Structure formats: C-alpha cells, structure tokens
Amino acid sequence: MNKIFAIVDANNFYASCERVFNPALENKPIIILSSNDGCVIARSNEAKAIGIKMGEPYFKLQSLIKYHNLKVISSNFALYGDISRRMMTIVEDFSPTCEIYSIDECFLDFSNLTDEQIQSQCQCIRDRVKKWLGLPVSIGIGATKTLAKLAVNIAKKRSEGYYHIATELQRLEALKSTNIEDIWGIGASYSNKLKAISVISALDLANCPDDHIKKQTNILAVKTAHELRGISCIDLVEVAEPKQSITVSRSFGNEIRDYQILNQSLSFFTSTAAEKLRKSGQMAKSISVFIRTNPFSKKPNQYGNSANITLNYPTDSTPILLSAVNTALQHIYKPDFSYKKAGILLNDFCLKTTKAFDLFDKPQLREEGSKLMTVIDKINHTYGRQTVFYASSGTAQQWLPKSSMKSASYTSNWDELILAR
DNA sequence: TCTGGGGTCCTAGGACCC
DNA sequence: TCTGGGGTCCTAGGACCC
C-alpha cells in the first residue's frame with residue numbers, strides 16, 4: 001500500500017484565534033504583531049489582500065493602518081498555545097498516527113483510506129474544528145509530506161477547503177503552478193540559487209538532476225526534489241525527539257544600560273528555561289548568555305557578545321543555572337552601552353535518569369534541590385506563572401517588551417474570562 | 001523613534017592525531 | 001629551495017521551518 005499523508009493547517013492561525021473571542025473582527029483586515037510589537041507575524045486574508053507582507057516592521061505601516069482601518073493586535077501566545085492544544089486533540093481522533101508539526105499544523109496518516117473515505121474525513125475534520133473551536137482549517141493530501149504541503153496551499157484557494165493530489169496529472173498540475181520559493185524546504189537563498197540555473201517552478205526542481213541541485217544547495221533540497229517526484233523521504237514523526245536546546249530571549253521595550261536590570265531579565269529567562277528543561281525530563285551541562293545593543297541603530301560602536309559556561313555536572317536546578325548566568329554576564333557586560341536584547345541558551349542535554357556526575361558531587365544536596373524545584377513548579381502550575389519566583393528576577397520588570405494591544409487570556413485566567421451579556 | 005522568538009539540520013574548515 | 005596524507009571530531013555560520 002502506498003503512503004498517503006495529510007496535513008491539517010489552520011487558516012491565518014493567530015488572526016483566527018483572535019476572532020474566536022472577538023467575532024467583531026470577522027471580515028476585517030487584522031494583523032498580529034511579534035513580541036515587543038516589532039513586526040507583523042500573522043495577517044487575516046483581508047490584510048494580505050491590502051498587500052501587508054509577513055515580517056514587515058510595524059512602524060513602517062502607520063499610514064496603511066490608518067488608511068485601511070486595520071485592526072492591530074499584540075501577540076498573545078498563551079491564548080494561541082491553548083487553542084492549538086485543543087485543535088490537536090480534536091484532529092488526533094482522525095488518524096492512528098499524528099505528528100504535531102507546528103503550533104497550527106499537524107500531519108496525519110491517511111495511507112489505508114479510499115478516495116471517498118479521505119473526502120469524508122476531511123469534511124468531518126473541518127466541520128468539527130469549526131464547530132467545537134470556531135477555527136477554520138484547510139487540509140492537503142499527497143503521497144509525500146512535501147506534496148501534502150503543496151496540496152494545502154491549493155486547498156486554501158478552494159471552497160471545499162481540502163485538496164488531494166491523487167493522480168499523476170494532478171501532481172504535474174500542482175508542480176507546474178507552484179513557484180520554487182513556495183516549496184516547503186526551499187527558502188529565499190536556495191530559490192535564488194536555483195533560479196540562476198533556470199529552476200523556476202516546482203516542476204523544474206522535480207526534473208532537475210540531483211547533482212545540479214546538490215551543487216547549488218544541499219542534500220535536503222535533493223530530498224525535497226525526490227518528494228516532489230512522489231518518492232517519500234520524510235516520514236511521520238509520531239513521538240517527538242527530546243529537545244537539544246532551549247532558548248529564552250527578548251527584545252526590551254526600552255534599551256537597558258543598568259547591570260542590575262539586565263541581570264534581572266536574564267534571571268527571569270533562566271527561570272523560564274529551567275522550568276521547561278525540568279518539564280522535558282532533561283538536564284543541561286552548558287549554558288550561554290548573550291547581550292547586544294540595537295543592531296538597527298545608526299550609531300557607531302555597537303556591541304554584542306556571548307559567554308558560555310560548562311557546568312561541572314548536568315543540572316536542571318534553577319539556582320545553579322542562575323549562578324552560572326551571573327558569572328557569564330560579568331564577563332561580557334560593558335557599562336558604556338545600552339542593550340536592546342538579551343537571552344540565554346541551555347545546551348548539551350542528557351536525560352535526568354542518566355547518572356554521570358563528577359567526583360565532588362553531593363547526591364543528598366542534589367536530591368533536596370530537586371524536591372524544592374518540584375514544589376516550586378507545582379505551585380506555579382497550580383496558582384499561575386510567577387506565583388513563586390527568584391529574588392534575582394526582581395519585581396519591577398523594567399525590561400518587559402512592549403505589548404500594548406494584547407487581547408485577554410480568555411482561556412487561562414479566571415479573571416479574564418469573556419463576559420456574555 | 002520604532003525591526004520577534006524558538007527551534008533543527010548541514011557544511012566547511014580548523015584542530016588534532018597518527 | 002624542496003616539509004604528507006588521511007581520518008575524526010568540533011564548531012561557527014548559514015540555511016531552513018513556523
């Protein structure tokens with residue numbers, strides 16, 4: 001039996017999440033801004049039609065916003081994450097295997113279904129997600145993941161909301177109508193390099209000899225070409241591999257010169273990262289800290305630096321990581337600059353169950369520390385994030401990113417439940 | 001004035017060893 | 001005058017995704 005992949009993809013996901021709780025936004029052009037209200041990360045169809053590009057800086061859009069009466073919203077990731085989990089729970093019921101690929105996309109295995117069954121599954125998924133969650137989704141189906149991704153782009157332009165590349169003719173039509181830069185896995189750089197050797201469409205890429213593709217790009221683009229030909233190279237990943245790194249970083253609302261405030265922001269990032277690390281059941285042996293001034297500033301003398309600390313033994317303990325971060329910051333901080341962004345990166349992971357400690361390890365202390373972390377995580381999980389926090393994170397949070405147009409935490413905070421009058 | 005955050009993978013080149 | 005070659009490992013940088 002040949003494989004059949006489906007991808008379920010929410011339409012304009014963040015914009016649609018906002019509309020679920022604010023129906024007045026239906027049919028209106030809306031854009032969602034990144035952290036710090038920096039640039040556009042999601043657009044409704046109406047905003048796309050106006051010509052607003054993905055990643056466009058917000059400050060450059062002021063006149064367009066006024067002219068078209070665009071609704072601007074700061075991103076609310078707690079809300080989107082929650083809606084995402086609900087969407088995946090619904091979709092998972094429709095396939096024995098399911099790979100959550102991103103916040104708004106999920107691959108399913110449709111391998112043993114007939115055409116009729118595929119059609120009815122697609123209608124059912126779309127209806128149920130719309131009815132239970134208020135979210136519009138599109139579905140693409142094909143013999144490979146890459147073809148399914150091509151199909152979902154076609155689906156979004158059709159009223160049925162799904163499309164199956166089922167026949168050879170449909171495959172060739174889909175490839176012909178897809179530009180090289182719109183293929184999953186081919187970004188701006190590779191598409192430019194491929195255009196230079198007259199590979200313009202997905203069909204051109206599928207017809208291009210592997211060694212030509214490899215010469216312009218790398219082995220991954222060769223795999224993509226195989227997938228376009230209908231040869232499946234990328235399998236469903238049912239169980240996600242454990243993470244290899246965890247980053248927490250932010251651009252600050254205002255530039256920061258003060259060491260204490262910078263350190264407070266980094267303490268906050270470290271606590272957040274450590275919590276994620278414990279949740280994944282892993283420990284880190286290495287932590288990096290980076291700080292930098294505003295890279296867009298015209299002023300001379302910009303500065304950015306990072307420092308990496310290798311710990312004596314792997315840990316998931318917040319205080320141990322905080323102490324390393326403090327040391328690292330002292331190495332790279334220079335008082336003559338104002339900093340725009342900072343972050344930390346945990347690396348070099350091993351599973352918590354692995355016992356590889358050094359000679360000077362004190363298992364009893366480690367055990368007590370671990371209990372403390374468990375209690376803190378439990379309190380924060382039950383009573384809300386930051387109910388208990390480290391003093392080094394401070395209370396003023398003068399570094400917080402801008403987020404002036406954020407919607408409420410409709411699904412995760414009792415005080416912000418939506419009111420029905 | 002104002003430009004995101006969080007991941008993964010591949011590759012070239014340097015360090016090191018024999 | 002004239003100074004090897006090949007393997008492995010690591011890392012930084014670049015590419016991709018959403």
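Here the structure is a predicted model, which is why all the values come from computation and not from measurement. Here is the naming used below: chain letters follow the sequence lines, and residue numbers restart at 1 for every chain.
Within 4.0 Å of A:I183, counting heavy atoms only, lie sugar-phosphate atoms of the nucleic acid but no base atom. Using a 4.0 Å heavy-atom distance criterion, A:F13 is classed as making no nucleic acid contact. Counting any heavy atom pair closer than 4.0 Å across all strands shown, A:L33 reaches no nucleic acid atom. If you check every strand for non-hydrogen atoms under 4.0 Å, A:K149 touches sugar and phosphate atoms only. A:L220 comes within contact range of the sugar-phosphate backbone alone, with a heavy-atom separation under 4.0 Å but no base atom that close. Contacts of A:S245 with the nucleic acid, taken as non-hydrogen atoms under 4.0 Å apart, involve only primed sugar atoms and P, OP1 or OP2. Using a 4.0 Å heavy-atom cutoff across all strands shown, A:E105 reaches sugar-phosphate atoms only and no base atom. Within 4.0 Å of A:D37, counting heavy atoms only, lies no atom of the nucleic acid at all. When heavy atoms are screened at a 4.0 angstrom cut-off, A:K214 is found touching the sugar-phosphate backbone but no base atom. At the heavy-atom level, A:Y58 lies nowhere under 4.0 Å from the strands shown.
Checked by atom type, the side-chain pair A:S306/A:R292 shows no donor-acceptor distance below 3.5 Å. A donor-acceptor contact closer than 3.5 angstrom is absent between the side chains of A:S403 and A:D37. Side-chain contact, A:E181 with A:Y190: no donor N or O sits under 3.5 Å from an acceptor N or O.
Applying the salt bridge (charged side-chain N to carboxylate O under 4.0 Å, His left out) test to pairs two or more places apart or on separate chains, those with a residue in residues 217-245 of chain A are A:K3-A:D235, A:D210-A:R229. Within the structure, salt bridge (charged side-chain N to carboxylate O under 4.0 Å, His left out) contacts touching residues 253-268 of chain A (residues at least two apart or in different chains) do not occur.
Partners of A:K28 by side chain to side chain donor-acceptor pair (under 3.5 Å), not counting sequence neighbours: none found.
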Without placing hydrogens or testing angles, list every side-chain donor-acceptor pair under 3.5 Å for residues 79-93 of chain A, not counting sequence neighbours.
unit_1 : atom_1 : unit_2 : atom_2 : d
A:Y80  : OH     : A:E18  : OE2    : 2.6
A:Y80  : OH     : A:N76  : N      : 3.4
A:D82  : OD2    : A:R86  : NE     : 3.3
A:D82  : OD2    : A:R86  : NH2    : 3.0
A:D82  : OD2    : A:T411 : OG1    : 2.5
A:S84  : OG     : A:I103 : O      : 2.7
A:T89  : OG1    : A:R85  : O      : 2.8

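With pairs defined as Watson-Crick or G-U wobble and both atom distances under 3.5 Å, the stems of at least three pairs that touch DNA chain C come out as B:5-18 with C:5-18.
In the 5' to 3' direction, nucleotides of DNA chain C lying under 4.0 Å from heavy atoms of chain A begin and end at C:dA15 to C:dC18.
Because its NZ or CZ atom is not both nearer than 6.0 Å to the ring centre of A:F252 and within 45° of the ring axis, A:K341 does not count as a cation-pi partner of that residue.
Residues A:F296 and A:T247 each lie close to DNA chain B; by heavy-atom proximity, the contact nearer the 5' end of the strand is made by A:F296. Of the two residues contacting DNA chain B, namely A:V248 and A:Q62, the nearest-nucleotide position lying further toward the 5' end is that of A:Q62.
Taking atom P on both B:dT3 and C:dC18, the two are 25 Å apart, rounded to the nearest angstrom.
When each of A:R126, A:E105, A:R128 is tested with A:V137 by the rule side chain to side chain contact (heavy atoms under 4.5 Å, CB included), just one qualifies, namely A:R126.
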